[in-house]
Amino acid sequence: AALGFKRGHISKFQREYAKWCRVRPKGNDGELLKARERRLLREICREPETWQKYQSEKEEGIKDALACICPLFCEFFTKIHKGIQQSQELLGYDLSLSGHQLKAIQMVNDMPPAPLKQIEYKQQDGDDDDKQYEVGDDDEVVNNFSHPPTTETDLRKAWKVNSKCQIYSDSNQRWCDGTINNISHDAEGEWLHVRYNNNNDKQIQRYSNSIRPCFDPNDKILTQCRALTVASIMSIDVTDFMMEKFTANDL
């Protein structure tokens, strides 16, 4: 009773223990526990000073860890929540675009290509050929997905000589209108020869993210939907931002 057990529970335990003692198999000279087990049990139950120090150290360690990781989780989920709210606002439909949506569209259209790791683009089932386009270390891809959006993929596949496109100029820090003047192949794959800004030329692979299709300027809905979709994805993509903080506080 001194340990906090109710009398009814104690009586029930004593009855069940007596019952078990009558039916348990005999052996080990009738002892239930070995000498070492009895010594450890005695220390745990009757000599708490032998382990309380280590228990206290463990508790303090857990408290320190929680004090560090809990704010990070709070920030992580708060950013996701705010990102979802922002994406809902960006994808909302009304007769006219809001100022927030217009700013997001402009941001995406002006956004430089993000550096990404090497990936491979595979042809869809039913394509005319089984050719694969690999993006090298010096080239980048359209986005984080192994398969770019269908409409953009179709536009890229349709590129040929004299096709219009947009290419990112590192020197001008902006997207420029360009024209594919030639298409060549070598050991590294297919290369598009693009002329932009009247007399500037650049060789680039078809699925690099430094080149993108020219959407029909008359089809504003398609262009706006694409930009708002990209902006909404960016608003909830907080993993990379938080990864540095989680890594710095690795427990």
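Small disclaimer: the values here were computed from a predicted structure and weren't measured. The figures here come from the full heavy-atom set of this structure, side chains too, leaving out hydrogens, waters and symmetry mates. Numbering starts at 1 and runs along the sequence shown.
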Check whether [X] reaches the backbone of [Y] with its side chain - one donor and one acceptor, N or O, closer than 3.5 Å.
X: Thr50; Y: Glu47; answer: yes
X: Ser232; Y: Ser87; answer: no
X: Asp154; Y: Lys157; answer: no
X: Ser208; Y: Gln205; answer: no

From [X] [atom1] over to [Y] [atom2], what is the distance, rounded to the nearest 0.5 angstrom?
X: Cys70; Y: Glu75; atom1: SG; atom2: CD; result: 13.5 Å
X: Cys214; Y: Lys164; atom1: SG; atom2: NZ; result: 8.5 Å
X: Trp191; Y: His185; atom1: CH2; atom2: NE2; result: 11.5 Å
X: Ile80; Y: Thr239; atom1: CD1; atom2: OG1; result: 6.5 Å

Minimum side-chain heavy-atom gap [X]-[Y] below 4.5 Å:
X: Glu190; Y: Ile183; result: yes
X: Gln101; Y: Glu89; result: no
X: Lys202; Y: His193; result: no
X: Asn181; Y: Asp201; result: yes
X: Thr78; Y: Cys74; result: yes
X: Cys165; Y: Thr179; result: no
X: Gln173; Y: Ser169; result: no
X: Tyr54; Y: Glu57; result: yes

Shortest non-hydrogen contact between [X] and [Y], atoms and distance:
X: Val161; Y: Asn182; result: CG2-CA, 4.1 Å
X: Gly178; Y: Val194; result: CA-CG1, 4.2 Å
X: Met242; Y: Phe76; result: CG-CD1, 3.6 Å
X: Ala104; Y: Leu90; result: CB-CD2, 3.6 Å
X: Glu188; Y: Asp186; result: N-OD1, 2.8 Å

Problem set entry | NE2/His100: more than 12 non-hydrogen atoms of other groups inside 6.0 Å |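 It does: His100 NE2 has more than 12 such atoms within range.
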
Problem set entry | Other ILVMFWY residues reachable from Val230 by side-chain steps of under 4.5 Å |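 Val230 shares its hydrophobic cluster with Met107, Val108, Met111, Met234.
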
Problem set entry | Distance-only polar pair, side chains of Asn109 and Trp175, donor-acceptor under 3.5 Å |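 No - no donor-acceptor pair under 3.5 Å links their side chains.
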
For this session: Check step by step if side chain to side chain contact (heavy atoms under 4.5 Å, CB included) holds for Lys82 and Lys79.
Result: CA-CA 5 Å; Lys82 291 182 178 179; Lys79 287 185 178 296; 5.8 Å; no

Exercise. Is Leu91 reachable from Ile84 through a run of I, L, V, M, F, W or Y residues, each pair having side-chain heavy atoms under 4.5 Å apart?
Worked result: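 The answer is no; the residues belong to distinct hydrophobic clusters.
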
For this session: Is it possible for you to say whether Leu72 and Ile236 belong to one hydrophobic cluster, with membership spreading through side-chain heavy-atom contacts below 4.5 Å?
Result: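 Yes; Ile236 is reachable from Leu72 via cluster members.
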
For this session: Begin with the C-alpha distance, continue with both residues' side-chain angles, and end with the deciding distance and a verdict on side chain to side chain contact (heavy atoms under 4.5 Å, CB included) for Asn162 and Ile180.
Result: CA-CA 5 Å; Asn162 294 327; Ile180 299 174; over 6 Å; no

For this session: Apply side chain to side chain contact (heavy atoms under 4.5 Å, CB included) to Asn197 and list each qualifying residue two or more places apart in sequence or on a separate chain.
Result: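 Checked Asn197 against side chain to side chain contact (heavy atoms under 4.5 Å, CB included); matches are Asn172, Arg174, Cys176, Asn200.
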
For this session: List in chain and number order the residues that pass ring pair (Phe, Tyr, Trp, His ring centres under 6.0 Å) with Tyr196, two or more places apart in sequence or in another chain; answer none if no residue qualifies.
Result: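 Not a single residue meets the ring pair (Phe, Tyr, Trp, His ring centres under 6.0 Å) criterion with Tyr196.
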
Problem set entry | Stepwise side chain to side chain contact (heavy atoms under 4.5 Å, CB included) test for Leu102 and Gln106 | CA-CA 6 Å; Leu102 292 174; Gln106 187 64 40; over 6 Å; no

Exercise. Going through the distances and angles, do Leu192 and Trp159 end up as a side chain to side chain contact (heavy atoms under 4.5 Å, CB included)?
Worked result: CA-CA 9 Å; Leu192 307 180; Trp159 278 340; 3.6 Å; yes

